[in-house]
Amino acid sequence: MKIKNNYSLKKYNSFGIDVNSQYFTVIKNDNDIDDLLVWRQQSKQPLLLVGGGSNILFKNNFLGLTAIIETKGIELIKEDGEYYYVKAASGENWHQFVRWTVENGYAGLENLSLIPGTVGAAPMQNIGAYGVELADCLYDLEAIELNTGRAKIFTQEECQFGYRDSYFKSVAFDKYLIKNITVKLSKKPQWNINYSGIKESLEGQALTALNISNSIISLRQSKLPDPNIIGNAGSFFKNPILKEQQWQELKQKHPTLSGYPQKDGSIKTSAAWLIDQCGWKGKRQGDAGIYEKHALVLVNHNKATGEEIWALAEDIIASVNNKFGIKLEAEPRIIYS
Ligand SMILES: Cc1cc2nc3c(=O)[nH]c(=O)nc-3n(C[C@H](O)[C@H](O)[C@H](O)COP(=O)(O)OP(=O)(O)OC[C@H]3O[C@@H](n4cnc5c(N)ncnc54)[C@H](O)[C@@H]3O)c2cc1C
């Protein structure tokens, strides 16, 4: 494992924020992971694991070691009457992994096409899109406990997945390096095509994982900014989860507000709608802005700093709170030092 000093992270975060990491390394294999654990024990420095950097906002330089996970490997490890079991290393690009599965005729991940980032970060916030979450397909994952170096297999239940949440993002935050995941992909797929726009774009085509994936790719390309062209981290805020009573009161005042009932009786509502109602879509504060086609996506028009993006986020949080009494929560990880 080679360590560099004061290394620029500009191309390692999808906002394209120009910050440095005090120390920097790239993890390519098991030996690098072993070296990383020894380095961390000996130096006692903070460690930041990064995949594609597409769910991180750097407010400042990072004081510690940034380790970019680039381990590779995708393999069909077994199949039974009902499922294919496919294992992938953390450093694999998520979208390429999805395409590998659909091109081999395995169904289940197609709705999660074109989500940026890596396989290893996907369980962190239980990535989701178009009615499907990683939790729906994850079989288990292998993680290394950073303090002890011990490897542990976590079953789907042990990952404690929730809406944009998991054991690794909450209780065990920064305690594990996720090394690989295994997904189980059903031989009798249940297609999820009811989300607006998917069914229409599939008209006249056979229902296959590959066709659905292609349709999701086109839909996403028409709605979301490409981080290679304009810096962003996708949805910047989580959709708020409201108690039934608060939801009913809001819905009465704002009949066009949409709500999705959750298993526990609460209602998930649309952060994009709330932000849009406050007039933020397309606005700019210097180079920090809100994407003109999607109120949930904060963008770096060119040279915004992380502080500037965060100041804009705080202004949005305050205005939504004033108008609706709802405090939005940021979805990406915010790095303060
Ligand atoms: C244009 C765009 C669209 C997006 N659309 C969606 C969407 O539809 N749905 C969705 O859920 N998300 C979406 N995202 C957010 C993002 O793509 C996902 O959260 C993705 O999983 C982040 O992967 P990453 O490798 O970039 O993670 P990073 O940003 O590198 O890291 C995210 C977190 O995971 C930790 N981490 C990374 N790798 C590991 C590892 N191997 N072990 C332990 N911890 C690790 C990091 O420390 C950090 O806390 C979008 C982002 C963009 C830019």
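Whatever order the structure lists ligands and atoms in, that order sets their numbers, starting from 1. Worth knowing before you read on, the calculation uses all heavy atoms, side chains too, and leaves out hydrogens, waters and symmetry mates.
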Give a yes/no verdict on whether any heavy atom in [X] is under 4.0 Å from an atom of ligand 1.
| X | result |
| --- | --- |
| R220 | yes |
| E133 | no |
| P225 | yes |

Give the ring-plane orientation class for [X] versus [Y], where under 30° counts as parallel, over 60° as perpendicular and anything between as tilted.
| X | Y | result |
| --- | --- | --- |
| H254 | W273 | perpendicular |
| Y106 | Y84 | tilted |
| F154 | Y176 | perpendicular |

Shortest protein contact, [atom] (heavy atom only):
| atom | value |
| --- | --- |
| atom 41 (N) of ligand 1 | I178 O, 3.1 Å |
| atom 23 (O) of ligand 1 | A121 CB, 3.3 Å |
| atom 21 (O) of ligand 1 | I127 CG2, 3.2 Å |
| atom 53 (C) of ligand 1 | G234 N, 3.3 Å |
| atom 39 (C) of ligand 1 | G120 O, 4.1 Å |
| atom 22 (C) of ligand 1 | S54 OG, 3.3 Å |
| atom 44 (N) of ligand 1 | M124 SD, 3.7 Å |
| atom 32 (C) of ligand 1 | N55 CB, 4.0 Å |

By number and element, which atoms of ligand 1 are closer than 4.0 Å to a non-hydrogen atom of [X]?
| X | result |
| --- | --- |
| G128 | 7 (C), 8 (O), 9 (N), 10 (C), 11 (O) |
| V50 | 30 (O) |
| G117 | 23 (O), 24 (P), 25 (O), 26 (O) |
| A129 | 8 (O) |
| Y176 | 43 (C) |
| T118 | 23 (O), 24 (P), 25 (O) |

Discussion item. Going by side chain to side chain contact (heavy atoms under 4.5 Å, CB included), name the residues that satisfy it together with P189, two or more places apart in sequence or in a different chain.
Written reply: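 Side chain to side chain contact (heavy atoms under 4.5 Å, CB included) list for P189, sorted by chain: A107, W191.
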So is [X] polar-close to ligand 1, meaning N/O to N/O under 3.5 Å?
| X | value |
| --- | --- |
| G51 | yes |
| G52 | yes |
| G53 | yes |
| S14 | no |
| L177 | no |

Discussion item. Would K268 and Y163 count as a side-chain contact (heavy atoms from CB on, under 4.5 Å) here? Give the steps.
Written reply: CA-CA 10 Å; K268 185 162 83 179; Y163 166 60; 3.6 Å; yes
Item to complete: Supply the atom-to-atom distance K179 NZ to E142 CD, rounded to the nearest 0.5 angstrom.
Response: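 The NZ atom of K179 sits 4.5 Å away from the CD atom of E142.
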[X] and [Y] ion-paired at < 4.0 Å:
| X | Y | value |
| --- | --- | --- |
| E82 | K184 | no |
| K238 | D165 | no |
| K303 | D287 | no |

Discussion item. Applying the side chain to side chain donor-acceptor pair (under 3.5 Å) criterion to E249, which one of Q245, Q252, Q246 satisfies it?
Written reply: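 When Q245, Q252, Q246 are each tested with E249, the side chain to side chain donor-acceptor pair (under 3.5 Å) holds only for Q245.
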Worksheet item: Applying the 4.5 Å side-chain criterion to the ILVMFWY set and letting contacts propagate, would I115 and F161 be lumped into a single cluster?
Response: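 Cluster IDs for I115 and F161 match.
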At under 4.0 Å between heavy atoms, which part of [X] makes contact with ligand 1: side chain, backbone, both or neither?
| X | result |
| --- | --- |
| N232 | both |
| W94 | neither |
| Q125 | side chain |
| R164 | side chain |

Worksheet entry | Aromatic ring proximity F97/W100, centre distance under 6.0 Å |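 No, ring centres 6.0 Å or more apart.
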Worksheet item: Is the distance between the ring centroids of F58 and F15 less than 6.0 Å?
Response: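 Centroid separation for F58 and F15: 6.0 Å or greater.
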Worksheet entry | Shortest heavy-atom approach to atom 46 (C) of ligand 1 - which of V297, I33, L114, L49 |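 When every heavy atom of V297, I33, L114, L49 is considered, L49 comes closest to atom 46 (C) of ligand 1.
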Worksheet entry | Nearest atoms (heavy-atom pairs only) where I216 meets N111 |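 That would be CG2-O, 3.8 Å.
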Worksheet item: Should the pair K4 and Y23 be classed as cation-pi, given the thresholds of under 6.0 Å to the six-membered ring centre and 45° from the axis?
Response: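 Ring-cation test returns no.
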Item to complete: For K175, enumerate each residue passing the side chain to side chain donor-acceptor pair (under 3.5 Å) test, keeping only those at least two apart in sequence or located in another chain.
Response: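 Side chain to side chain donor-acceptor pair (under 3.5 Å) check on K175 returns nothing, list empty.
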